[in-house]
Amino acid sequence: MLSFLLLCQWAAIVASQIISPSVQHAKRAILPVGWSRARRYSSDAIIPLRFGLSQPNTDMRTLELLLHGVSHPDSPAYGQHWTPARVARHFAPTDESIGVVTAWLSQSGIRSNRLHMSKSKGWVAVNATVSETEVLLSTEYHVFVHSESGKEHIACDQYYLPAHVAPHIQIVTPSVDFNVVLSKRHNGNSFSTEVSLGQPRAGTVFPQFTDAIDTLVPGTEHCDKQITPGCLRALYNFHYSPISGEKNSFGVVEYTPQAYVPSDLDKFATNFSAFSGPSLVGSRPSLSSIAGGVVQTASRSFDFNGESNLDLEYAMNLVSANQPVTLYQVGDLQMGASFNNLLDALDGSFCSFEGGDDQENDGIYPDPLPGGYQGQDCGSVKPANVISTSYGYNEADLSPAYTVRQCAEYAKLGLMGVTVLYSSGDNGAAGNGGLCLNPDGSQTSGGRIFNPSFPSTCPFVTSVGATQINPGATVADPESACQQVISSGGGFSNYFAIPDYQKGAVGEYLTAHSPPYSNTTYNSTGTSRAYPDLSANGANYVTAVNGGFFLVYGTSASAPVVGAMLTMINDARLAMGKRPVGFINPTIYSPAFRGAFNDITTGTNPGCGTKGFSTAPGFDPVTGLGTPQFDKLLFLWSLLP
Ligand SMILES: *[C@@H]1O[C@H](CO)[C@@H](O)[C@H](O)[C@H]1NC(C)=O
Ligand SMILES: *[C@@H]1O[C@H](CO)[C@@H](O)[C@H](O)[C@H]1NC(C)=O
Ligand SMILES: *[C@@H]1O[C@H](CO)[C@@H](O)[C@H](O)[C@H]1NC(C)=O
Ligand SMILES: *[C@@H]1O[C@H](CO)[C@@H](O)[C@H](O)[C@H]1NC(C)=O
């Protein structure tokens, strides 16, 4: 609960300056596909209103400088990561923000004994009637109905705050945002997806691969047809036996109902042995259940098991049985979950329970649905040194305020020394599901405007694109951008400004290889964040799924492979008494490290009726800096403090 002492103090100070003009705080550009306005929401209904308070020091520029301090190889404080307590202190909302917001509510007739404050002091919550809320925010709430599911949603089109209050509030929920809970929802016997997620694809190049592959090709002679752990080791000079064991950590994130199949891990381990250490047969990831996460066994198919099996089979093999892998399984079977639910568990200072995650975007726990998870995971999980996620949204699925708040959280993990990897998407310049933007901001398959992927566009994550071995080529030949079955997600953000670390690299690309599209097709200003940052093979992965071997494609494969390499570099650094690599972007874009990547110069990332962006010497928004040369990176990172 709020400290009443504090409240009274601030109420007294602020009371005299309460009259100030209203300013628009948020406005939705467009109604999402499938939704239509049904009616005004009844004035006496109760709205669980939540105010996300502004966090000091979280403007993008300040975060970038803080992160630069511990992550840039030239910084004297390189590797001197912050403790979670220091992070919590540094970003806690100020007493002034709490005071101004509660005083404003009190002046508006909402007494402080109705308010509830989250533990982190990040959120103020109140159950308010619709009429109270409409006066407070100078808006109208409507009920919207989804044409297919019949589901109803409460939202306003825009809202206003008094000018003196607006700087103290980052986000109000429910307001303009629509439901984009990340995971699939359980509907009777089948799962339906609320939003289309980036997931790996089953091979369609050779239709017979809908059946199991009959013959695994041994060795590394035919890596253009089948990628195996041995192919990846040969491609990236990735031969390393870890020695740090439990001191080191590697986390792979999966969202329920996506689930790995134990017998498939064993099948994979039987046919592909790790580079070193004991057999992986019988070995399992260590389960870290978040927001009721379960490895469900009720539904089995490529759609339910492909992602988890792919990620874990390769992650576990590439780091060997001597390096434990943690599975962050997020969300229960009923509610599902979003990235914010994971972040709640990893960082108690972000945790927005008791005042709530964003109701419209995140799974809300305890889950009131039958069988739902009754717990609340808040700072309950120590983040692994490297965390790899192969899911993503389209930036346009989410409001700028929501993405900015989440992006700041990735910066905090970076300050703590955590490497956060996201796959860049499988639809090239288009978004998930091949959707592209229209001039009015809506997303359709016929859209012509490139549709960037989030969180990849957040400058504080490391985004991983996909490459391929060209047909007929070997592991010794240069790879191309992946253009089999999938194309590597990449492009320019519409929300986030370009961070310093990539200004040189992106500037060179835009000058020397200016894309043949106008500013109506993509954000061509040169002032926006470009992604991905680097890439790794994403084609023809031999993957055990439900008793057979399939070829799987996607940046989904690339992210855990890069994660495995960074985990082994952390192993070496820990053994030397050093800190993990943490946020890697300022390092990998630095001149010394540029030479440790295989530059990818062939291929494009088609999407939105175009051939997409072209690869080019140096950085490109298709494959980033290129693919890692593990041996060189290991050497360079062992020289850093
Ligand atoms: C709002 O009402 C719900 C249901 O009665 C209750 O569980 C919740 O604690 C209330 N929230 C606040 C902030 O009072
Ligand atoms: C996998 O290994 C087993 C045992 O060595 C072998 O019998 C089987 O043929 C292999 N599978 C394939 C598809 O090559
Ligand atoms: C392009 O990106 C910049 C930097 O994030 C942003 O300020 C600008 O609004 C973007 N332009 C468009 C058209 O999205
Ligand atoms: C796009 O470029 C045209 C011509 O240079 C310019 O007039 C217009 O303002 C630009 N639009 C955006 C959204 O940047």
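Start at 1 and go down the list; that is how both ligands and their atoms are numbered. What you see is a predicted model, and the numbers here were worked out from it, not measured in a lab.
The shortest non-hydrogen separation linking Ser493 to Glu395 is OG-OE2, 2.6 Å.
When the heavy-atom distances from atom 10 (C) of ligand 1 to Ile47, Asn113, Asn127 are ranked, the shortest goes to Asn127.
Scanning the protein heavy atoms around atom 13 (C) of ligand 1, the nearest turns out to be His116 CB, 3.6 Å. Distance from atom 4 (C) of ligand 3 to its nearest protein heavy atom, with residue and atom name: Thr527 O, 3.4 Å. In terms of protein heavy atoms, atom 6 (C) of ligand 3 is closest to Asn523 ND2, 4.1 Å. Atom 9 (O) of ligand 3 has Asn494 O, 4.5 Å as its closest protein atom, hydrogens excluded (heavy atom only). Considering only non-hydrogen protein atoms, atom 14 (O) of ligand 2 sits nearest to Leu216 CG, 3.4 Å. Among protein heavy atoms, atom 5 (O) of ligand 2 sits closest to Thr270 CG2, 4.8 Å.
Neither the backbone nor the side chain of Phe492 comes within contact range of ligand 3; no heavy atom lies under 4.0 Å.
Which parts of ligand 2 touch Asn271 is read off a 4.0 Å heavy-atom cut-off, strictly below it: atoms 1 (C), 2 (O), 3 (C), 8 (C), 10 (C), 11 (N), 12 (C), 14 (O). Close contacts between ligand 3 and Ala497 involve ligand atoms 4 (C), 5 (O) [criterion: under 4.0 Å to a heavy atom].
The side-chain contact (heavy atoms from CB on, under 4.5 Å) test with Thr457 singles out one residue from Tyr495, Tyr393, Phe496, and that residue is Phe496. Of the options Ile98, Val100, Leu53, a side-chain contact (heavy atoms from CB on, under 4.5 Å) to His168 is made by Val100 and by none of the others.
Note on ring orientation: taking the six-membered ring where Trp is involved, the planes of Phe492 and Phe613 are perpendicular (angle over 60°, cut-offs 30° and 60°). The aromatic rings of His25 and Tyr159 lie tilted to each other, with the angle between the two planes from 30° to 60°. Classified by interplanar angle (parallel below 30°, tilted 30° to 60°, perpendicular above 60°), the ring pair Phe460/Phe583 is perpendicular.
Ring pair Phe454/Tyr422: centre-to-centre distance not below 6.0 Å.
Counting only heavy atoms from C-beta outward, the side chains of Ile227 and Val542 never approach each other to under 4.5 Å.
Under the 4.0 angstrom criterion, atom 2 (O) of ligand 3 counts as having a protein heavy-atom contact.
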